[in-house]
There are 2 protein chains.
Amino acid sequence: MASPTGARGNGRSSASRLTSLVHPPSLVTLAADAIRKKILAGEYGPGERLLEERLTEELAISRPPLREALRTLENEGLIETRQRRGSFVSTLTDKDVYEILTLRSTLERMAFELGIPVKDPALLGPARAALLDMEQSAREEDRGALVQAGYAFHYALVGIADHQRLNQTYASVQRQLLLCMARNLIAREMYYEDLENHVARHRYLLELVESGDREAALAELAVHGERSFEKAAPPASEETG
Amino acid sequence: MASPTGARGNGRSSASRLTSLVHPPSLVTLAADAIRKKILAGEYGPGERLLEERLTEELAISRPPLREALRTLENEGLIETRQRRGSFVSTLTDKDVYEILTLRSTLERMAFELGIPVKDPALLGPARAALLDMEQSAREEDRGALVQAGYAFHYALVGIADHQRLNQTYASVQRQLLLCMARNLIAREMYYEDLENHVARHRYLLELVESGDREAALAELAVHGERSFEKAAPPASEETG
DNA sequence: CTATCGCATCTTGTAGACAAAATGCAAGAG
DNA sequence: CTCTTGCATTTTGTCTACAAGATGCGATAG
């Protein structure tokens, strides 16, 4: 710490969006990003206990910033913290998956209802960029990258509403959806679908959005997410832990 | 601080919902509740800087739990934290109000779409109880209590969907709406509306929900919240800070 | 008189240490 | 042999202290 070599600033690799343009990201942000990544990568299994001491030595930070990071992840729904018991990676039940999928669908519809017709053409930029990523991933037959680009595409689509809280809520839901996928809790038929067809559906959706036909876009969105839904268990009034 | 007079266990007065049945609430929870209450009560004004040291002496706790509480409030949208600058009470722009109201509307519609017809009659209990509270408040002409009961009623209505994430998100939005009200950012005509009429509208809405007629309930919900909306500025593509 | 630079103060970010509570195991009684 | 009870260990909750960065004021030069 005494060395002025800036050992603090090691983690400028995947720093958060805009925070790090001038500021070195705080250890809290760094820790939250790192733990979130590990959870979504499946490195920490469902229900696994997250020992603070272990995490501190893994991340080479001390407990206060770690605890703040855990508090953030708790609010994101990725971990659950029980009094005097510690933090655990969230275990998702069928009902949780149902909740995540229904909430996602509602938020996407909301974005379309508020954002179509698109007021500022610049709002479409991210979606177009994400679609390009999808097309390239499809050409390279990189299914992992395709899935990732698909998520970015959906997030960008929600962005057309120019609605910060919607964006934030949607991002949170999407993270939990990634948690589902890490657990193989969702039928990932997209993985085995024809890649070109997959991209084509997204391209068509974007074209409808661009056309300004709100109802048509909403209709396509409904069938767009349908396959994910039919695999998800309906409420069933049970909480299969 | 050196005095062992048990200054630790003072705040067992208004502990959180279920946490405190056996567990003494953590200082983090206590601090978050206390600060949230003060913010919503208007004690801390918009944009006001929240000095950690000052808060620690006000709440008689030390900085680590306070910082965790602030992190929670940040995720709730009640405060904003800037790197190395500290925490500030959120300043709501017209666009923020628009976002809060539209999101609230969407979430309520979602609750109706998923929750009507009501599957388990017990889910209606809280709404009925809240309506009774509203009726009593109206009889006593206690407008403050009526408003509060109205919020509880809406929250209970959302509860019919039996959707944890929806409940949680809605609660967060509702808190921000309370922040709007504390700032007089929303036309509170409900305050000056005929009390009986106000309660009657809510009673009618609940009756429609109970009847199982989803479309009718949704239609009534649309006009129910309409008055709040017409006062809220449309996006206007400006961010009046 | 005004603008700019430098310093002092304040505030946040982080670290390490102590106390309290929960868990698991072991020992003893039934 | 099984259940209960007590203790030791582990882990969380909290506190105090130190370091780094930001803000505001004052002094100085133009």
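Per chain, numbering begins at 1; letters A, B, ... match sequence-line order.
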Asks: Kindly indicate whether the side chain of B:Phe153, heavy atoms from C-beta on, has any atom under 4.5 Å from the side chain of B:Gln148.
Replies: no

Asks: May I ask you to test the B:Ile61-B:Val28 pair for a side-chain heavy-atom distance under 4.5 Å?
Replies: no

Asks: For the pair made of CG in B:Leu51 and P in D:dT23, what is the distance, rounded to whole Å?
Replies: 14 Å

Asks: What are the residues of residues 59-67 of chain A, sorted by number, that bring a heavy atom to within less than 4.0 Å of DNA chain C?
Replies: A:Ile61, A:Ser62, A:Arg63, A:Pro64, A:Pro65

Asks: More than 12 foreign heavy atoms under 6.0 Å from CD of A:Glu74: is that the case here?
Replies: yes

Asks: Charged N to carboxylate O below 4.0 Å: is that the case for B:Glu58 and B:Lys38?
Replies: yes

Asks: Whole-Å distance between C:dT12 C1' and B:Arg54 CZ?
Replies: 17 Å

Asks: How close or far is atom P of C:dG13 from atom CZ of B:Arg82, stated in whole angstroms?
Replies: 12 Å

Asks: Is it the case that more than 12 heavy atoms not belonging to B:Gln168 sit under 6.0 Å from its CD atom?
Replies: no

Asks: Between atom CG in A:Leu27 and atom P in C:dT12, what is the gap in whole Å?
Replies: 17 Å

Asks: Would the number of heavy atoms belonging to other residues, nucleotides or ligands and lying under 6.0 Å from CD of A:Glu53 be above 12?
Replies: no

Asks: Would you mind reading off the distance between A:Leu50 atom CG and D:dT12 atom P, rounded to a whole angstrom?
Replies: 9 Å

Asks: Identify which nucleotide among C:dA22, D:dT23, D:dT12 has an atom closest to any side-chain atom of B:Arg85, counting heavy atoms from C-beta outward.
Replies: D:dT23

Asks: Looking at A:Phe88, I'd like to know if the NZ or CZ of A:Arg82 sits under 6.0 Å from its six-membered ring centre while staying within 45 degrees of the ring's axis.
Replies: yes

Asks: Please report, rounded to the nearest Å, how far the C1' atom of D:dG21 is from the CD atom of B:Glu52.
Replies: 14 Å

Asks: Between atom CD in A:Glu68 and atom P in D:dT12, what is the gap in whole Å?
Replies: 16 Å

Asks: May I ask you to verify if any side-chain N or O of B:Arg84 is less than 4.0 angstrom from the OP1 or OP2 atom of D:dA20?
Replies: no

Asks: So, OP1 or OP2 of D:dA22: does either fall under 4.0 Å of a side-chain N or O from B:Gln83?
Replies: no

Asks: Any base atoms under 4.0 Å from A:Leu70, or only sugar-phosphate, or nothing? Heavy atoms, all strands.
Replies: nothing

Asks: Please give, in whole Å, the distance from C:dT14 P to A:Glu57 CD?
Replies: 19 Å

